[in-house]
Amino acid sequence: MSLVLYDTRMRSKVPFAPIEPGHARVYTCGPTVYAPQHIGNMRSQLFADTLKRALLADGLRVTHVINITDVGHLTHDDVDQGEDKMEAAAEKSGRTAAEVAAEYTEQWRVDRERLGCLPPEVLCKATDHIAEQLVLIGELEERGYTYRIEDGVYFDTAKFDRYAEFAGLDLAAEAEGARIAAVEGKRNPSDFALWKFAEASVVRQQEWDSPWGRGFPGWHVECSAMSRRYLGEHFDIHTGGVDHIKVHHTNEVAQSECAFAETPWVNVWMHNEFLTFGEEKISKSKGHVLAVADLIEQGIEPLAFRYFILQAHYRQQQAFTVEAAQAAATGYRRLLAQAAELRGATGAADPARCEPFESRFRAAMADDLNTPRALAVVFDVLKSDALEPADRRDLLTEFDASLGLGLADAEVADLAQESDPRIDALLEERQAARKNRDFATADRIRDELAAEGVEIIDTPEGPRWQRK
RNA sequence: GGCGCCGUAGCCAAGUGGUAAGGCAGAGGACUGCAAAUCCUUUAUCCCCGGUUCGAAUCCGGGCGGCGCCUCCA
């Protein structure tokens, strides 16, 4: 079954066909590691991971590259002064930019892993690829696409006549609405920096020599340079958040197509919509960030959050509320419990019985990664009278390769695996009371244990307990 | 000012022309001494108005409302 993916450039769903048969090459715009990565950022990763799993399930080899932006991403406060996010964060915390980058890269990596995201084949940092970026800038200069002003080396977007095409921009209107003053000397409002010069008056931790003078790379150039190194000058899929379409990806396309003379440079562009937070905005600049660790604190395990995200389509804004996430967590735990129980099923599955469910599941995933529909199939598998336990067991295992929810290795919750003589004694006392129909005593014991967070579960084999 | 997205049950959401997936919550039932857990059953005509059509949540027009981007953001 071949995948059909929504391509931002074509503005429609297109059948996916890898450039190199059997091999998909994917580039994902990763985090700028100057601050904690919040759960909205992680939605992007979950989307990219879902894509990767879909490609793998389709039998393709996948080379997935994710970049770490650790230099060159400017703050909005004062573009003219070129304040770099990494530098600003370092200064603020009294550490080096490298230390800041290392901390948040690690947090991001750990969160990604907790969320069940497969590791990328290549994880590359902008600062490790300055040379590649300089080469690219040099090539653009040779071909006459750049100009130099006091502030740095800029890409002349007027020289690339398809500039506005990618994002369907109305450049004049965009410029009119710009809420930020343009850098002095830029020829066109949409021109962007390839290399920014270090200013004598500003002490920077991150700066390098270049043919044009000491400085640091602009934000966009890293993605073109690094994808070229690891994926070549023409590859299959590039992913990122919708916020990147108009500026970051438009600029990447411009510099890449001009430097590589490949059109299109990337075959399919995919963008995930945002997680929205109602009143509680979590834009980084406003300081409200909710990270995976915060979810865990609220009792929402990472994979339950993954389940929550899979409940909505990636191209749709999804409303995050703690209530909704907790509801998802409840559903996820039930799903997990059923999956765990099914692992004990014996016998072989019947391919004929499984086939209809498999094809529905695959059709959902193949239709631009429709995970909500795929999840509905999962629940049908659990409920359908047409299936035997062994069928369900195998189907869940198979589906989980695409979902990454840990269903394939779910374990039956081992109640009362910790032993506590006091609690066990109380349970026995309660059983005795129940036998004597002294329910007042029995309920009192249950209430007391509940008050300290111990839940009694009566089963046909007798009472058990667990800490909540 | 420009561009784009969205508005489906209490909540999170699928569905893009043929008569409303799924999850959570709620209700009823089974089980239980009572609960919890579990299982079964059950709950919407799709923001409003007008149009196209044999037929629209789905297409078109006009409202109202929410969000995003154009500036760092996934």
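Chain identifiers are assigned alphabetically (A, B, ...) following the order of the sequence lines, protein sequences preceding nucleic acid strands; residue numbering begins at 1 within each chain.
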- Query: Which listed nucleotide (B:C69, B:C67, B:C39) is nearest to the side chain of A:Asp243?
  - Reply: B:C69
Every protein N/O lying under 3.5 Å from an N/O of nucleotides 15-23 of chain B:
| residue | atom | partner | partner atom | Å |
| --- | --- | --- | --- | --- |
| B:G15 | OP1 | A:Asn370 | ND2 | 2.9 |
| B:G23 | OP1 | A:Lys383 | NZ | 3.3 |
| B:G23 | O2' | A:Tyr307 | OH | 3.2 |

- Where at least one partner belongs to residues 241-255 of chain A, residue pairs that pass salt bridge (Lys or Arg N to Asp or Glu O under 4.0 Å), sequence neighbours excluded: A:Glu174-A:Lys246
- Message: Any donor-acceptor pair, under 3.5 Å, between the side chain of A:Lys246 and the base of B:C70, if you only look at N and O atoms?
- Response: no
- Task: Please state the C1' separation for the pair B:G26 and B:G61 - nearest whole angstrom.
- Result: 40 Å
- Message: Reading RNA chain B from 5' onward, which residue's closest nucleotide shows up sooner: A:Asp443 or A:Arg43?
- Response: A:Asp443
- Length of the line joining A:His249:NE2 and B:C70:C1', which is rounded to integer Å: 16 Å
- Of the candidates B:C11, B:A74, B:C39, the side chain of A:Asn272 sits closest to B:A74
- Item | Integer angstrom distance from the C1' of B:A14 to that of B:A20 | 10 Å
- Message: Classify the ring geometry of A:Phe166 against A:His249: parallel below 30°, tilted from 30° to 60°, perpendicular beyond 60°.
- Response: perpendicular
- Task: Provide the distance between the two C1' atoms, one in B:A9 and one in B:G15, to the nearest whole Å.
- Result: 15 Å
- Rounded to whole angstrom, note down the C1' distance from B:G17 over to B:U42. 30 Å
- Message: Would you say the base of B:A74 stacks on A:Phe274 (centre-to-centre below 5.5 Å, plane angle below 30°)?
- Response: yes
- Note on the structure: Sequence neighbours excluded, the answer for salt bridge (charged side-chain N to carboxylate O under 4.0 Å, His left out) partners of A:Arg393 is none
- Query: Hey, does the side-chain of A:Arg315 have a donor or acceptor N/O within less than 3.5 Å of a partner on the base of B:C6?
  - Reply: no
- Message: Could you tell me how far B:U38 sits from B:C5 if I compare only their P atoms? Round to whole Å.
- Response: 42 Å
- Query: When the P atoms of B:G68 and B:G63 are considered, how many whole Å apart are they?
  - Reply: 23 Å
- Compare the minimum distances between each of B:C70, B:A74, B:C67 and the side chain of A:Thr276, then state the nucleotide with the smallest one. B:C67
- B:U45 and B:A56, which share atom name C1', separated by this distance in whole Å: 11 Å
- According to the side-chain hydrogen bond (donor to acceptor under 3.5 Å, both in side chains) rule, which pairs have a member within residues 365-380 of chain A, sequence neighbours left out? A:Lys13-A:Asp367, A:His313-A:Asp368, A:Tyr314-A:Asp368, A:Arg315-A:Asp368, A:Arg360-A:Asp380, A:Asp367-A:Arg373
- Regarding the side chain of A:Ser44, the nearest nucleotide among B:A13, B:C70, B:A74 is B:A74
- What is the ring orientation for A:Trp269 with A:His271, classed by angle as parallel under 30°, tilted 30 to 60°, or perpendicular over 60°? parallel
- Does A:Arg434 get its side chain close enough to the base of B:G33, under 3.5 Å, for a donor-acceptor pair? yes
- Residue pairs fulfilling ring pair (Phe, Tyr, Trp, His ring centres under 6.0 Å) with at least one residue in residues 384-407 of chain A, sequence neighbours excluded: A:Phe361-A:Phe399
- Nearest-Å distance once atom P is located in both B:G18 and B:C59: 12 Å
- Message: Could you identify the nucleotide paired to B:U32, looking across every strand shown and requiring Watson-Crick or G-U wobble geometry with both distances under 3.5 Å?
- Response: none
- Report yes if a donor N or O on one partner sits less than 3.5 Å from an acceptor N or O on the other, where the partners are the side chain of A:Arg446 and the base of B:A35; otherwise report no. yes
- Message: Using a heavy-atom cut-off of 4.0 Å across all strands, would you classify A:Gln326 as base, sugar-phosphate, or nothing?
- Response: nothing
- Item | Between A:Ser44 and A:Asn41: side-chain donor-acceptor atoms closer than 3.5 Å | no
- Item | Any-strand Watson-Crick or G-U partner of B:A27, both distances under 3.5 Å | B:U41
- Item | Qualifying side-chain hydrogen bond (donor to acceptor under 3.5 Å, both in side chains) pairs, either residue in residues 318-333 of chain A, two or more places apart | A:Glu301-A:Arg333
